[in-house]
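Everything on this sheet refers to the single structure shown next.
Along the sequence shown, residues are numbered consecutively beginning with 1.
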Amino acid sequence: MTGLVHLRLVVPEDLADQVRGLLVDHECATNVVVLTGAARKPAGDVVEADVAREAASSVLDDLAATGLPDRGGIVVSEPTDTPFAAARELDRAAPGDPDDAVIWSAVLDDAEAASRPTITYLAFLVLATVLASIAVITDSSVLVVGAMVVGPEFVSVAAVCVGLVMGRWSLAARSLLLLVAGFAAAIALVTVLALLAVATGFVSDDMVTRPRPLTGFIWHPDRWSFVVALVAGAAGVLAVATRKSSTMVGVFISVTTVPAAGNLALGLAIGDRSEIVGSATQLSVNIVGMVLAGIVTVAALKLARARVARLGPPVGGR
């Protein structure tokens with residue numbers, strides 16, 4: 001991960017001096033470029049700058065305080081490489097480490113996007129639940145892992161946590177509704193498919209209720225289910241906040257939310273109470289555990305940011 005964040009701003013004329021001064025005077029900003037009158041829609045100056053990733057969130061907060069987000073434009077991007085001396089100097093001047101930095105405006109934007117119901121979200125959730133159901137019928141641990149990876153539900157869990165900790169109650173409510181409604185819709189659709197499969201003889205009750213040594217854990221929650229959900233929730237939210245996308249794959253294959261949903265759909269189709277109760281409990285335990293751990297993680301990240309900001313730049317560099 002590069003240590004710099006690139007800002008491209010469209011600044012109305014009456015805010016130009018304030019924004020320019022903010023960036024030029026900031027010890028964690030460099031490569032400040034001002035193109036006077038270059039912007040046409042909206043009209044104003046184009047201002048570009050590179051900012052140390054650790055300081056990007058506070059710089060964006062300062063820009064927001066000027067009213068720029070409402071009247072101009074802010075585009076944030078991350079360069080793939082910054083091989084120049086000033087970049088290293090900024091890294092030394094900024095408090096903290098770029099790998100630990102969280103750009104909270106980006107986290108909020110991602111959470112807002114994750115709270116919107118889309119056809120793609122529902123399609124992935126349904127397909128993942130179908131895979132999970134097939135995994136149950138065939139007792140395939142490989143398909144269980146596949147269903148976990150395909151499932152998109154964790155972004156909604158992360159959005160709930162961000163909304164609750166940051167006081168964005170509408171965001172938290174919309175994300176929770178999407179999570180619940182998405183699972184309800186996916187389970188209902190897969191239950192209908194399972195009923196058709198049972199009616200045509202393609203699937204029999206004993207395929208679901210027989211001993212399943214490789215997938216029986218899906219509907220047998222225990223104390224470790226909750227522990228795993230806590231760990232996965234913390235790791236997942238940390239990965240979302242710091243944009244460590246590779247870490248998310250490990251989170252996806254560690255919790256049995258989608259597999260439990262698939263097992264629940266089959267249980268509903270064959271009317272097996274123990275399968276229904278066990279799957280529903282497993283699903284609930286995982287979601288609750290992830291949300292609780294995610295809330296704690298987001299709160300800890302915010303406290304860590306405040307502490308680093310109070311400490312200021314490191315003495316003598318890193």
Side-chain angles (χ1 to χ4, degrees), residues 114 124-126 128-133 135-136 139 141 143-165 172-173 175-188 190-191 208-209 211-240 247-270 272-300:
F124 273 121
L125 193 53
V126 170
T129 306
V130 170
L131 279 177
S133 298
V136 169
D139 194 29
S141 57
L143 285 179
V144 169
V145 173
M148 291 174 173
V149 174
V150 173
E153 75 281 359
F154 190 82
V155 291
S156 298
V157 172
V160 171
C161 300
V162 170
L164 289 174
V165 174
S175 302
L176 183 59
L177 178 61
L178 175 61
L179 184 65
V180 173
F183 268 117
I187 292 169
V190 176
T191 298
V208 180
T209 58
R212 290 185 272 119
L214 297 181
T215 59
F217 68 93
I218 290 174
W219 64 284
H220 286 126
D222 56 21
R223 60 186 176 184
W224 292 109
S225 300
F226 189 66
V227 171
V228 170
L230 290 174
V231 175
V237 169
L238 183 61
V240 168
T247 307
M248 287 304 297
V249 176
V251 175
F252 291 152
I253 63 176
S254 63
V255 287
T256 53
T257 46
V258 165
N263 202 95
L264 176 56
L266 289 174
L268 289 169
I270 66 172
D272 189 290
R273 184 177 182 278
S274 60
E275 296 274 352
I276 295 170
V277 173
S279 302
T281 303
Q282 180 77 275
L283 180 59
S284 302
V285 164
N286 276 280
I287 291 176
V288 170
M290 287 192 295
V291 169
L292 290 176
I295 289 171
V296 172
T297 302
V298 175

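- Distance check, rounded to the nearest 0.5 Å: CD1 of Ile187 to CG of Leu266 gives 11.0 Å.
- In terms of heavy atoms, Ala132 sits closest to Ala147 at N-CB, 3.7 Å.
- Judged by distance alone, the side chain of Asp139 and the main-chain N or O of Thr215 form a donor-acceptor pair under 3.5 Å.
- The side-chain heavy atoms of Leu179 and Glu153, taken from C-beta on, include a pair separated by under 4.5 Å.
- Val160 pairs with exactly one of Leu178, Leu177, Leu176 by the side chain to side chain contact (heavy atoms under 4.5 Å, CB included) rule, that one being Leu176.
- Contact between Ala158 and Val240 at its shortest, heavy atoms only, is CB-CG2, 4.3 Å.
- Residues Ser279 and Ala260 approach most closely at CB-O, 3.4 Å, considering heavy atoms.
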Verify side chain to side chain contact (heavy atoms under 4.5 Å, CB included) between Asn263 and Arg212, making sure each step is shown before the conclusion.
CA-CA 12 Å; Asn263 202 95; Arg212 290 185 272 119; 3.1 Å; yes
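- Counting heavy atoms of neighbouring residues, nucleotides and ligands inside a 6.0 Å radius, atom CZ of Phe124 does not exceed 12 of them.
- Between Ile276 and Leu268, the closest side-chain pair of non-hydrogen atoms falls below 4.5 Å.
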Let me see the working for Gln282 and Ile218 under side chain to side chain contact (heavy atoms under 4.5 Å, CB included), right down to the final yes or no.
CA-CA 7 Å; Gln282 180 77 275; Ile218 290 174; 5.5 Å; no
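- Ser274 OG to Trp219 CH2: the interatomic distance, rounded to the nearest 0.5 Å, is 4.0 Å.
- Here the closest non-hydrogen pair linking Val237 and Phe154 is N-CZ, 3.5 Å.
- Taking each heavy atom of Val258 and Leu125 in turn, the nearest pair found is CG2-CD1, 4.0 Å.
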Go through the steps to decide whether Phe183 and Leu264 satisfy the test side chain to side chain contact (heavy atoms under 4.5 Å, CB included), and finish with yes or no.
CA-CA 11 Å; Phe183 268 117; Leu264 176 56; over 6 Å; no
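- Between the side chain of Asn286 and the backbone N or O of Ala229 there is no donor-acceptor pair closer than 3.5 Å.
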As a quick check of understanding, evaluate side chain to side chain contact (heavy atoms under 4.5 Å, CB included) for Asp272 and Val208, giving each step before the final call.
CA-CA 9 Å; Asp272 189 290; Val208 180; over 6 Å; no
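- Separation of atoms CG (Leu283) and OG (Ser225) is listed at 11.5 Å; rounding is to 0.5 Å.
- Heavy-atom minimum distance, Ala159 versus Ser175: CB-OG, 3.1 Å.
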